[in-house]
Amino acid sequence: MEYFNLHTHQFTNQKDVLELVNQYPKDFDESISFYSIGIHPWYIDENRVDEDLKIIEEKLQTENCLAIGECGLDKRIEVPLDLQISIFEKQLELAEKYRKPVVIHCVAAFQEITAIKKKMKISVPMIIHGFSKNKQLAEQLIKDGFYLSFGKYLLKNPDLKTVFQEIPNDRFFLETDTISETIQQVYELASEYKDLKVKEIQGIISSNYKSVFG
């Protein structure tokens with residue numbers, strides 16, 4: 001593995017890239033090599049929750065399922081927050097049970113996610129994907145034990161450069177999510193921002209991958 005893509009919705013099947021492809025229980029695709037699976041807050045269907053959780057639990061017991069997610073909380077949607085929290089907590093219970101990391105979708109709910117992590121004493125790694133916020137929040141999340149993953153906003157928002165430069169090397173990942181740019185392009189920008197060679201970024205991410213995904 002030369003490149004690791006922490007979160008993508010597109011399976012490109014490149015031989016030098018390990019892609020953690022986001023899967024949803026009801027649209028599960030057996031042909032995808034490595035994946036995370038979860039109930040995204042946008043797509044909560046109360047009639048399907050039990051069935052979805054059952055599928056997630058079954059997949060978490062396989063080697064190809066590297067993580068649970070993306071799951072989390074989003075305060076900018078109409079799904080009631082109480083319902084989102086209840087479903088997020090059920091997925092965290094499964095993450096703990098099967099010792100799998102969690103890929104987190106968080107919009108305007110960082111306090112709630114941190115509080116849940118503390119309340120439930122979550123011990124598996126938790127990665128906030130698509131981080132786009134300020135240095136203070138980044139520092140606080142790292143202090144609270146989270147990893148941060150960068151991609152789309154790193155490419156599109158130059159203000160994130162100084163935030164990314166301050167992230168400890170043992171606490172970040174890179175991703176493409178839904179963008180058309182490649183993971184190689186994200187690595188190139190990250191290496192420029194960190195003033196390191198691409199090979200060094202590859203080494204850092206490879207080491208973080210081992211720490212989080214074993």
Side-chain angles (χ1 to χ4, degrees), residues 1-8 17-20 22 34 36 66-73 92 95-96 99-177 179 181-214:
M1 166 186 79
E2 288 178 48
Y3 297 92
F4 173 58
N5 189 345
L6 181 278
H7 179 71
T8 179
V17 183
L18 174 55
E19 295 173 307
L20 189 56
N22 189 81
F34 296 101
S36 63
L66 301 185
I68 191 160
E70 63 183 295
C71 56
L73 305 177
L92 291 181
E96 283 288 303
R99 310 303 305 152
K100 297 273 182 172
V102 188
V103 177
I104 292 175
H105 169 94
C106 180
V107 176
F110 291 101
Q111 278 180 310
E112 287 82 354
I113 281 182
T114 302
I116 289 166
K117 181 182 192 289
K118 287 176 179 164
K119 176 188 82 172
M120 293 181 70
K121 299 184 171 62
I122 300 299
S123 62
V124 294
M126 295 175 83
I127 309 122
I128 306 278
H129 103 80
F131 189 77
S132 65
K133 303 301 175 196
N134 61 35
K135 186 169 158 243
Q136 289 71 21
L137 181 58
E139 283 171 355
Q140 189 55 54
L141 288 166
I142 284 165
K143 200 171 132 222
D144 289 327
F146 292 92
Y147 289 78
L148 304 179
S149 183
F150 295 81
K152 176 164 72 175
Y153 300 103
L154 197 65
L155 292 174
K156 304 205 183 313
N157 177 8
D159 293 346
L160 255 192
K161 176 180 179 176
T162 52
V163 177
F164 180 67
Q165 286 172 328
E166 298 289 318
I167 304 291
N169 286 349
D170 61 349
R171 297 303 277 281
F172 76 84
F173 286 98
L174 299 172
E175 61 175 67
T176 58
D177 195 6
I179 57 174
E181 287 87 349
T182 63
I183 193 67
Q184 289 87 344
Q185 286 170 279
V186 181
Y187 269 67
E188 274 163 31
L189 186 66
S191 69
E192 186 190 309
Y193 282 0
K194 285 276 190 184
D195 198 19
L196 294 166
K197 293 186 173 71
V198 170
K199 264 239 161 314
E200 292 172 295
I201 294 285
Q202 288 173 327
I204 287 165
I205 301 254
S206 180
S207 164
N208 295 347
Y209 175 84
K210 287 185 187 110
S211 301
V212 169
F213 297 91

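The analysis underlying the following values was restricted to heavy atoms, covering all of them including side chains, and did not include hydrogens, waters or symmetry mates.
The NZ atom of K161 lies 6.0 Å from the OH atom of Y193; values are rounded to the nearest 0.5 Å. T176 OG1 to E181 CD: the interatomic distance, rounded to the nearest 0.5 Å, is 9.5 Å. Taken to the nearest 0.5 Å, the CD1 atom of I201 stands 12.5 Å off from the NZ atom of K199. Atom CD1 of I113 is separated from atom NZ of K118 by 13.0 Å, given to the nearest 0.5 angstrom. To the nearest 0.5 Å, atom CG of residue L189 and atom CG of residue L155 are 5.5 Å apart. Remark: N134 CG to T162 OG1 distance equals 10.0 Å, nearest 0.5 Å.
The shortest distance between side-chain heavy atoms of M126 and L92 falls below 4.5 Å. Contact annotation: the side chain of Q140 approaches that of D144 to within less than 4.5 Å [non-hydrogen atoms, C-beta and beyond]. Counting heavy atoms from C-beta on, the side chains of V17 and T182 never come closer than 4.5 Å. Contact annotation: the side chain of K152 never approaches that of H7 to less than 4.5 Å [non-hydrogen atoms, C-beta and beyond]. When side chains are defined from C-beta on, E175 does not count as touching V186, because their heavy atoms never get closer than 4.5 Å. Within the 4.5 Å cutoff, side-chain heavy atoms of K156 are placed close to those of I179. No side-chain heavy atom of Y147 sits less than 4.5 Å from a side-chain heavy atom of L6. Put simply, the side chain of V163 reaches to within 4.5 Å of the side chain of F131, judged on heavy atoms.
One finds a salt bridge joining E139 and K135 here, because a Lys/Arg side-chain nitrogen approaches an Asp/Glu carboxylate oxygen to under 4.0 Å.
S191 and E188 share no donor-acceptor pair across their side chains, judged by distance under 3.5 Å alone. Side chains of E70 and S36: a donor-acceptor N/O pair is absent below 3.5 angstrom, by distance only. Side-chain contact, T8 with E19: no donor N or O sits under 3.5 Å from an acceptor N or O.
A donor-acceptor pair is defined here as one N or O able to donate and one able to accept, closer than 3.5 Å; no such pair exists between the side chain of K100 and the backbone of V124. The closest donor-acceptor contact from the side chain of E96 to the backbone of S123 lies under 3.5 Å.
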Subject >> Verdict with reasoning, Y187 to N5, per side-chain contact (heavy atoms from CB on, under 4.5 Å) >> reply: CA-CA 10 Å; Y187 269 67; N5 189 345; over 6 Å; no

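The aromatic rings of F173 and F4 lie perpendicular to each other, with more than 60° between the two planes, well past the 30° mark.
Within a 6.0 Å sphere centred on CD of Q136, other residues, nucleotides and ligands contribute more than 12 heavy atoms.
F146 carries K117 over the face of its six-membered ring, with the cationic atom under 6.0 Å from the centre and within 45° of the normal.
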When the side chains of residues 204-214 are checked against the rest of the protein, which donor-acceptor pairs come out under 3.5 Å, sequence neighbours left out?
from, atom 1, to, atom 2, distance (Å)
N208, ND2, N169, O, 2.9
N208, ND2, F172, O, 2.9
S211, OG, S207, O, 3.2

